[in-house]
Amino acid sequence: MKQKALQNHALQEGVFFLLMGGALLFYGLDSHSKSFNKDWTQSAYLFPVIVALLLGALAVMLLVQGVCHRGAQQSAGGDSRRVLVVLLLTLAYYAALALVKMPYLALTVSSLTLTLSTFEVATFVFLLVLMLYLGVRRWKVLASVPLATTVFLSVIFRTLLRVLLP
């Protein structure tokens, strides 16, 4: 029984992400309480707290999945070529962010002004290509997930964290 629990990768990953999220949350809250600036909107420690909360949500989902599929056999090992391709795509994404300088495009839809930069375009294209490579073929998913993720990240970084994007 103990051997099966050790082979349940979802449980292992859930515990790992829970520990990492907890450590990051402690770091963010502790560092913010010791900092001179007590305003969260201008704090450099807001981003680690947001990431810690997202890691905590991921950990809970993995733990639930691991408990629900405890008796099921899990595949051992992975396809290293697929992992390498995903890492190369990620490297190309970061290279595009660092090397491509696109002028800001302002799009006005009724009274809402949207600003597109290299970050938004590169993130949308990266997610689209990655999803195509990983086998997603439904066009609604291919259009909505990269768009929603890009808009979400842009809003978080521009308005909540007030960070200039590349």
Side-chain angles (χ1 to χ4, degrees), residues 9-10 13-29 31-32 35 37 39-66 78-166:
H9 297 292
E13 292 166 357
V15 169
F16 174 73
F17 284 122
L18 190 63
L19 291 173
M20 294 303 294
L24 193 58
L25 182 66
F26 176 76
Y27 165 75
L29 293 176
S31 298
H32 177 72
S35 69
N37 187 2
D39 187 19
W40 272 109
T41 59
Q42 297 178 350
S43 176
Y45 302 107
L46 181 59
F47 184 68
V49 169
I50 291 171
V51 171
L53 294 176
L54 292 174
L55 278 176
L58 174 66
V60 168
M61 287 187 285
L62 285 169
L63 288 171
V64 168
Q65 180 184 9
D79 189 1
S80 59
R81 189 188 74 189
R82 286 177 61 104
V83 171
L84 184 62
V85 169
V86 170
L87 288 175
L88 289 174
L89 285 173
T90 306
L91 183 63
Y93 169 66
Y94 284 118
L97 287 177
L99 302 175
V100 176
K101 300 298 178 208
M102 187 179 108
Y104 280 90
L105 300 172
L107 304 171
T108 304
V109 179
S110 50
S111 63
L112 182 66
T113 302
L114 303 170
T115 306
L116 294 177
S117 67
T118 305
F119 175 78
E120 283 87 4
V121 173
T123 302
F124 181 82
V125 170
F126 167 70
L127 290 174
L128 183 68
V129 169
L130 185 64
M131 289 174 66
L132 281 170
Y133 175 72
L134 293 176
V136 177
R137 296 293 180 249
R138 293 188 303 173
W139 67 271
K140 288 180 182 178
V141 174
L142 282 172
S144 62
V145 170
L147 182 64
T149 303
T150 303
V151 168
F152 174 75
L153 290 174
S154 183
V155 166
I156 290 292
F157 279 103
R158 288 179 193 268
T159 60
L160 188 61
L161 297 174
R162 295 190 178 127
V163 173
L164 291 176
L165 299 172

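Keep in mind that what you see is a predicted model, and the values were worked out from it rather than measured. Throughout, numbering of the chain's residues begins at 1 and tracks the sequence.
Separating the CG atom in L25 from the CG atom in L29 is a distance of 4.5 Å, to the nearest 0.5 Å. Distance check: F152 CZ to L147 CG gives 14.0 Å after rounding to the nearest 0.5 Å. Rounded to the nearest 0.5 angstrom, L134 CG and L127 CG are separated by 10.5 Å. In this structure, F119 CZ and L153 CG are separated by 5.0 Å, a value rounded to the nearest 0.5 Å. In this structure, L24 CG and L19 CG are separated by 12.5 Å, a value rounded to the nearest 0.5 Å.
Between Y93 and F126, the angle of the ring planes stays under 30°, which puts this pair in the parallel group of the 30/60° scheme.
G14 approaches A59 most closely through the heavy-atom pair O-CB, 3.3 Å. When all heavy atoms of T118 and A96 are compared, the closest pair comes out as CG2-O, 3.9 Å. Considering all non-hydrogen atoms of both residues, V141 and P146 come closest at O-CD, 3.7 Å.
No side-chain heavy atom of V145 sits under 4.5 Å from any side-chain heavy atom of L128. Between L142 and L132, the closest side-chain pair of non-hydrogen atoms falls below 4.5 Å. With a 4.5 Å cut-off on side-chain heavy atoms, V151 and V155 count as touching.
Annotation for R137: atom CZ counts as buried by contact number, over 12 foreign heavy atoms lying within 6.0 Å. No more than 12 heavy atoms of other residues, nucleotides or ligands shown are found within 6.0 angstrom of OH on Y94. The 12-atom threshold is exceeded at CE of M131, counting heavy atoms of other residues, nucleotides or ligands nearer than 6.0 Å.
Judged by distance alone, the side chain of S31 and the main-chain N or O of Y27 form a donor-acceptor pair under 3.5 Å.
If you check the side chains of E120 and S154, you find a donor sitting under 3.5 Å from an acceptor.
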